[in-house]
Amino acid sequence: RLDSKSSGKIMRSVMQEESGKLGEVVVTGIFRKAKDSYTGALTTIDSEQLQTFKGSNLLQTLKNIDASINFPVNNLAGSNPNVLPNMNIRGSSSLPMSVEEFNTNAQQTVNTPLIILDGFEISLTKLMDYNDEQIESINILKDAAATAIYGSRGANGVIVVVTKTPKEGKLRVTAKAGIDLQVPDLSSYDLLNAAEKLQLEKQVGLYTDEYNPKNQWKYNNLYSRRLKAVLDGTDIDWIHKPVRTGVGQRYNIQLDGGANEFRWATSLGYNDIEGAMKGSSRKTVNGDITLMYSVKNLIFRNYTSFTSNKSKESEYGSFQDYVDQQPYNNPYDENGNVVKTFSNFFGTDEVGNPLYDATLNTFDKNEYINFLDNFSVEWMIIDGLRFRGKIGYQTTRSTSDLFLPAEHSTFASSSYNTTEGLLRKGRYTYGTGRTDLFSANATLSYNKTFAKKHQIYAGLDWSMSEENY
């Protein structure tokens, strides 16, 4: 309020506050539209939600936020941090053909949504290992509108990731650290102890063969040995043998700054996930650099990222191997040494002791390195008319390394006791992979609002991509 006196007259001026809010915008990866004019099914996730519902990786974070993102239960993989989940948003395009396929959660890539990072397509693995500290927002397009924009590629839905834009001003340094816990929950396993299980097996007739006295003698012998072990106090809690509470850690440091014309940002992140299975881990290093230059009505942007990942499977094998074990089978002999094999249930063959496998010099490791560079230019031709051009290159190099010695339980069955089978014991497999993706995109869009309630939107898009393996 300003009061002034002039020639004996009083003039009073009152300034009233008028607030305005910038309308929310939906980024589809190709066009930008006002949220209130977008008619498709959409979920928008901001950076604050990503921090509030943070999971062990970005895919788990998205599942925590949006119930429409579905990971079919993988009973065999459990919480293995190195297994890429089968992810679907718009339901399953392909159903399992058998119970075995359902239980093994066979790869159903036809259900995987399209993933777009700043206008460029990336893989599900890249999204899982991406540094969520660098994400500004994520839009999940779920219905036919995604297909209308991306064609058949968007039939399973589209996840559009928008990275953070550097902020102008003095140099800012942001550092974060945290821990990640993988706690095995075995409370749903209500298993019989050794005495109860042996008694149940006896009652249902598994140790009875009325038509073959020779088999009956063998079954009596098996039952007597197992009963003796139970009476001697053998009662093995197998499912707790290969698990632990995995304690991982994550760190991230970010630097940004610059003037209005030129802005920059760089970050370095490290995420170590220690799985619930002993010895399993997934370690990821992410680094990126963003450069922005503005001149008049032109904006140039270049984003470069580097990802290095090393994953290791547990030397204890699969959790299923421990669920299948009998509680009256002791993994140690009377001297405390780990036994190599057990007789199978009917004593017809040998089965391996998974704890013996854990003592061998086995390994199952995977590594990959991903480099990505995206360059874009945006030209505001006139008010409402915008042109955007993008060009990107992405390359991935991967290796896999697997070794099983001849003593491993994989080779314990009788089929390996023949002359030919002995020569097939032991396995070493080394694999390499390479993927190169080149893509380009040009978009011309016009967006204008008249009389504060009428809106005109038109867009034209051209894109191409080439992938080499």
Side-chain angles (χ1 to χ4, degrees), residues 73-80 99-100 103-104 182-246 275-280 314-360 362 407-414 417:
V73 176
N74 189 331
N75 294 321
L76 292 182
S79 61
N80 188 341
V99 174
E100 180 181 359
N103 288 333
T104 57
Q182 299 287 325
V183 182
D185 180 11
L186 305 179
S187 59
S188 60
Y189 289 88
D190 187 12
L191 304 179
L192 300 177
N193 61 33
E196 293 170 339
K197 189 172 190 303
L198 186 63
Q199 181 182 6
L200 178 63
E201 293 169 354
K202 182 70 171 177
Q203 289 176 346
V204 298
L206 295 181
Y207 295 99
T208 302
D209 190 344
E210 299 177 354
Y211 304 101
N212 192 329
K214 184 178 180 180
N215 283 344
Q216 185 61 56
W217 175 86
K218 182 176 65 174
Y219 292 157
N220 289 340
N221 187 34
L222 280 175
Y223 177 76
S224 297
R225 293 206 314 262
R226 291 167 181 172
L227 179 60
K228 181 179 183 302
V230 171
L231 295 177
D232 288 342
T234 301
D235 186 13
I236 308 302
D237 184 10
W238 280 98
I239 62 174
H240 282 85
K241 295 292 185 182
V243 297
R244 65 177 180 182
T245 297
M277 288 289 289
K278 295 176 181 178
S280 65
S314 172
E315 61 271 17
Y316 282 77
S318 169
F319 183 72
Q320 182 68 44
D321 296 336
Y322 296 84
V323 176
D324 293 340
Q325 296 301 315
Q326 306 298 338
Y328 42 69
N329 284 340
N330 195 330
Y332 305 98
D333 61 20
E334 60 275 8
N335 297 320
N337 300 317
V338 182
V339 299
K340 186 176 181 179
T341 60
F342 307 115
S343 295
N344 66 1
F345 185 81
F346 292 107
T348 57
D349 204 349
E350 296 293 310
V351 294
N353 177 4
L355 288 181
Y356 178 81
D357 293 340
T359 65
L360 303 176
T362 64
E407 297 83 4
H408 197 272
S409 62
T410 302
F411 315 105
S413 65
S414 58
N417 292 331

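Residues Thr362 and Asp357 form no side-chain contact, since every pair of their non-hydrogen atoms from C-beta on lies 4.5 Å or further apart. Using a 4.5 Å cut-off on side-chain heavy atoms (C-beta onward), Ile236 and Pro331 make contact. Using a 4.5 Å heavy-atom threshold, the side chains of Tyr219 and Thr208 count as separate.
Atom CG of Leu192 is separated from atom CG of Leu198 by 11.0 Å, given to the nearest 0.5 angstrom. In this structure, Ser318 OG and Met277 CE are separated by 6.5 Å, a value rounded to the nearest 0.5 Å. Atom OG1 of Thr359 sits about 9.5 Å away from atom CD of Glu407, to the nearest 0.5 Å.
For Asp235, the side-chain hydrogen bond (donor to acceptor under 3.5 Å, both in side chains) test picks out no residue, with sequence neighbours left out. Under the salt bridge (charged side-chain N to carboxylate O under 4.0 Å, His left out) criterion, Glu315 pairs with Lys312, not counting sequence neighbours. Legend: residues meeting ring pair (Phe, Tyr, Trp, His ring centres under 6.0 Å) with Tyr332, ordered by chain and number and at least two apart, are absent. Residues satisfying the ring pair (Phe, Tyr, Trp, His ring centres under 6.0 Å) test with Tyr207, not counting sequence neighbours, are Tyr223, Phe345. For Thr245, the side-chain contact (heavy atoms from CB on, under 4.5 Å) partners two or more places apart in sequence, or in a different chain, are Val183, Pro184. Residues satisfying the salt bridge (charged side-chain N to carboxylate O under 4.0 Å, His left out) test with Lys278, not counting sequence neighbours, are none. A search for side-chain hydrogen bond (donor to acceptor under 3.5 Å, both in side chains) contacts involving Asn330 returns nothing, not counting sequence neighbours. Qualifying side-chain hydrogen bond (donor to acceptor under 3.5 Å, both in side chains) partners for Ser187, counting only residues two or more places apart in sequence or in other chains: Asp185. Taking the side-chain contact (heavy atoms from CB on, under 4.5 Å) definition, one finds that Leu186 meets it with Tyr189, Ile239, His240, Val243, Phe319, sequence neighbours left out.
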**OP:** Before giving the answer on side chain to side chain donor-acceptor pair (under 3.5 Å), spell out for Gln216 and Asn220 the whole-Å C-alpha distance, their side-chain angles and the decisive distance to 0.1 Å.
**Re:** CA-CA 6 Å; Gln216 185 61 56; Asn220 289 340; 2.9 Å; yes
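What you find for Phe342 and Val339 is that their closest heavy atoms are CE2-CG2, 3.5 Å. The minimum heavy-atom distance between Pro327 and Ala194, with the atom names listed, is CG-CA, 3.7 Å. Closest non-hydrogen pair, Asn353 versus Val338, comes out as ND2-CG1, 3.4 Å.
Remark: the backbone N or O of Tyr316 is paired with a side-chain donor or acceptor of Tyr322 at under 3.5 angstrom. Of the possible polar contacts, none joining the Asn335 side chain to the Asn337 backbone as a donor-acceptor pair under 3.5 Å is found.
Pairs passing the salt bridge (Lys or Arg N to Asp or Glu O under 4.0 Å) check and including a residue from residues 193-216, sequence neighbours excluded, read Lys197-Glu201. The salt bridge (Lys or Arg N to Asp or Glu O under 4.0 Å) pairs that include a residue from residues 220-233 are Lys228-Asp232, where partners are two or more places apart or lie in different chains. Pairs of residues two or more places apart, or lying in two chains, that qualify as salt bridge (Lys or Arg N to Asp or Glu O under 4.0 Å) and include a residue from residues 237-246 are Arg244-Glu274.
Other residues, nucleotides and ligands place no more than 12 heavy atoms under 6.0 Å from the CG atom of Asp190.
In the model, Gln325 has no side-chain atom that pairs as donor or acceptor with a side-chain atom of Asp321 under 3.5 Å.
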